[in-house]
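Small disclaimer: the values here were computed from a predicted structure and weren't measured. Lettering of chains follows the sequences in order, A, B, ..., and the numbering in each one begins at 1.
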Amino acid sequence: MLDIQIIRENPERVKEAIVHKNAGTTEVVDKLLVLDLEWRETLTKLQEVQATLNMRSKSIGDLMRSGKKEAAEAARQETTTLKAHIKEIEDWARSMEVERHQLLLEIPNIPHPDVPIGRDESGNQVVFEWGEKPTFDFPALPHWELAAKHNLIDFERGSKVTGAGFPFYIGKGARLQRALINFFLDLAVDEGGYTEIQPPLMINEASGIGTGQLPDKEGQMYEATLDRFFMVPTAEVPVTNFLRDEILDESQLPLLYCAYTPCFRREAGSYGKDVRGLNRLHQFDKVELVRFVHPETSYEHLESIRANAENALQKLRLPYHRLLMCTGDLGFTQTKKYDLEVWSGAQARWLEVSSVSNFETFQARRANIRFRASGNKKPQFVHTLNGSGLALPRIVAALLENGQQANGSIHLPEALIPYAGFDTIG
RNA sequence: GGAGAGGUGCUGGAGUGGUUGAACAGGUCGGUCUCGAAAACCGAUGUACUCGUAAGGGUACCGGGGGUUCGAAUCCCUCCCUCUCCGCCA
């Protein structure tokens, strides 16, 4: 949610953001401004009438206390029409406010000036590349064949027990998952300075609204309808909402949290391409990095989270590149975003394994997370940021594919061996 | 799941229909005193929205929502949460 003040003062900038983000028509802005004005006028009127009623009530009280019963009774009669009038204006104001809020929720965040303007993913810029793509002097197998060959992952039984996209990890496959989770968490805690959190795996409606999954992306989450809880699509949701409706002290900032959770995504509408093997799952593991920071420092923190994620990739010796996402490929809530993609040797393509974003006050405003600067100043909204550090399945895909040898075995990178307890699969 | 108790400001804790946005205490901030500090004393100290160039007004908020009333933190309904006991259970 944007600050209404920005929209009032700078509607053209907001419209430009909508156009650059491909986020619908700019009409919402004009509609909102008209409604906002109307709402404020109505509100002023309402408050005036309420003030008169309050005054009358007070004088009735005075009359009663001084024993002037008839006068009090007469005054009481007079308030009935006033009350009806209040109710009328109140209903009107409320319905306007609801609509105003609705429109406000439809307006996307404004991209940072550094962000290249572009319609879609073709406008994204590769700004950094690291590592060397592996070459094979034998027919390299895609990870799903390697996983089957070494009995690491069982997709079929996953389909039987739950459905497509819910695999079983077996033996060294399961151990590899556990190793990666611990490796990423240790990295975040020991080198990144994050505090580890184990959040609930289900969230309520208010939390979904706080981080922006609700109301529009409701269909992307699994819902426990009896309780109206949602399975977490990412740890970002519970971890960001950890501080919802709180006022922090400036000295507490920045706050850095990391969390491992499974992530549940319905991925409605994305069937067809790229769903082979581990490329797209309904349940997958991820370590998420979340920061709550002072507004003045948030872009430094963006680079810092990005560096945390890249550090993990480099330690795993996975070739990757960094994309600066263009306006058209930015999410609704983001001002600036980097995607990190690893090279998957056998599929010969880049796979997204991390997305690092700044939301400035967009989430903080929705989730009502503020801080108070020293000296009794007014509370202001923090900036929130997050990034994957990292998402497991595509890392596993790349590790298997890039690490495969002519004899069919798979070598693990040095950094992972203490965690896995083995250096070779097969 | 059953029975009961309770949810008030940064904190503790009053308040059961009429100057209560909320006593009192603590905390925090500012000041006086002091070489400095402590103590003591004085003062300030919620949030959101809105009107206003400003000074300064106004409205709403005592877990959430709704209702009764001229008037509600106080009465009623409902939901959520916490605690105690019982049951069930990893």
Side-chain angles (χ1 to χ4, degrees), chain A residues 1-9 32-105 198-210 214-215 223-230 238 241-253 361 364-382:
Chain A
M1 185 156 65
L2 278 181
D3 186 357
I4 184 76
Q5 212 65 33
I6 291 175
I7 305 172
R8 281 180 196 154
E9 287 166 9
L32 174 63
L33 287 176
V34 170
L35 191 68
D36 178 56
L37 197 68
E38 216 175 323
W39 170 72
R40 279 190 292 166
E41 281 168 1
T42 310
L43 194 64
T44 309
K45 206 180 296 167
L46 172 66
Q47 292 179 347
E48 277 168 13
V49 203
Q50 280 172 329
T52 6
L53 181 66
N54 284 347
M55 270 167 56
R56 295 221 184 154
S57 296
K58 208 166 270 182
S59 66
I60 290 173
D62 291 339
L63 290 171
M64 298 274 259
R65 239 172 294 114
S66 56
K68 293 171 184 157
K69 275 263 175 72
E70 329 75 63
E73 186 57 33
R76 196 150 64 94
Q77 301 289 347
E78 282 176 32
T79 59
T80 39
T81 50
L82 200 58
K83 270 190 78 176
H85 193 42
I86 286 178
K87 190 146 184 76
E88 195 184 319
I89 305 179
E90 209 170 33
D91 290 345
W92 191 18
R94 189 175 305 173
S95 73
M96 272 198 267
E97 192 175 356
V98 167
E99 199 186 335
R100 174 181 173 273
H101 188 72
Q102 209 59 42
L103 288 173
L104 210 45
L105 288 179
Q198 277 197 27
L201 301 182
M202 289 190 173
I203 53 115
N204 60 28
E205 190 173 5
S207 297
I209 290 169
L214 294 175
E223 181 182 1
T225 52
L226 265 182
D227 299 284
R228 192 145 170 90
F229 289 159
F230 299 87
N241 279 282
F242 182 60
L243 297 177
R244 170 152 52 84
D245 291 324
E246 296 195 23
I247 300 177
L248 308 164
D249 195 273
E250 187 177 26
S251 62
Q252 293 175 265
L253 300 177
T361 61
R365 201 176 296 276
R366 288 174 83 124
N368 195 26
I369 306 169
R370 294 172 292 173
F371 74 98
R372 195 191 301 275
S374 48
N376 249 340
K377 298 223 184 74
K378 265 184 71 121
Q380 53 180 311
F381 292 106
V382 299

*Just call it for Arg370(A): base, sugar-phosphate, or nothing, with non-hydrogen atoms closer than 4.0 Å on any strand.*
sugar-phosphate
*In the 5'-to-3' direction, what one-character label does each nucleotide of nucleotides 56-68 of chain B receive under the scheme B = base within less than 4.0 Å of a protein heavy atom, S = sugar-phosphate only, - = no such atom?*
--BBS-----SS-
*For the pair made of CD in Gln380(A) and C1' in U47(B), what is the distance, rounded to whole Å?*
15 Å
*Any strand is fair game: report the nucleotide pairing with C33(B) by Watson-Crick or G-U wobble, both distances under 3.5 Å, or none.*
none
*Which part of the nucleic acid, if any, lies within reach of Arg365(A) when heavy atoms closer than 4.0 Å are counted: base, sugar-phosphate only, or nothing?*
nothing
*Please determine if a side-chain N or O atom of Arg372(A) lies less than 4.0 Å away from the OP1 or OP2 oxygen of U47(B).*
yes
*Heavy-atom check, side chain of Arg370(A) versus side chain of Val382(A), under 4.5 Å*: no
*asked:* Does the structure show a Watson-Crick or G-U wobble partner for G52(B), both distances under 3.5 Å? Name it, or say none.
replied: none
*Which whole number of Å gives the distance between the C1' atom of C35(B) and that of A22(B)?*
44 Å
*Identify whether any heavy atom of Thr79(A) sits under 4.0 Å from a base atom; if not, whether one sits that close to sugar-phosphate; answer base, sugar-phosphate or nothing.*
sugar-phosphate
*Nucleotide forming a Watson-Crick or wobble pair with G1(B), both distances under 3.5 Å*: C86(B)
_N/O (side chain, Lys378(A)) to phosphate O (OP1/OP2, A48(B)) under 4.0 Å_ = yes
*Residues in ring-ring contact (aromatic ring centres under 6.0 Å, His included) contact with Phe242(A), at least two apart in sequence or another chain*: Tyr257(A)
*Taking for each residue the nucleotide of RNA chain B with the nearest heavy atom, is it Asp62(A) or Thr44(A) whose nucleotide lies nearer the 5' end?*
Asp62(A)
*Are any of Arg40(A)'s side-chain N or O atoms less than 4.0 Å away from OP1 or OP2 of C51(B)?*
yes
*Please measure how far the C1' atom in G66(B) lies from the corresponding atom in C61(B), and state the result in whole Å.*
16 Å
*Is there a Watson-Crick or G-U wobble partner for C70(B) with both distances under 3.5 Å, and which nucleotide is it?*
G18(B)
_Separation of atom CG in Asp245(A) from atom P in A48(B), rounded to whole Å_ = 12 Å
_Under 3.5 Å on both distances, the Watson-Crick or G-U partner of A44(B)_ = U28(B)
*Show your reasoning for whether side-chain contact (heavy atoms from CB on, under 4.5 Å) applies to Val49(A) and His85(A).*
CA-CA 8 Å; Val49(A) 203; His85(A) 193 42; 4.0 Å; yes
*Using a 4.0 Å heavy-atom cut-off across all strands, classify Ile247(A) as base, sugar-phosphate, or nothing.*
nothing
_Proximal nucleotide (of U47(B), G18(B), U50(B)) relative to the Arg8(A) side chain_ = U50(B)
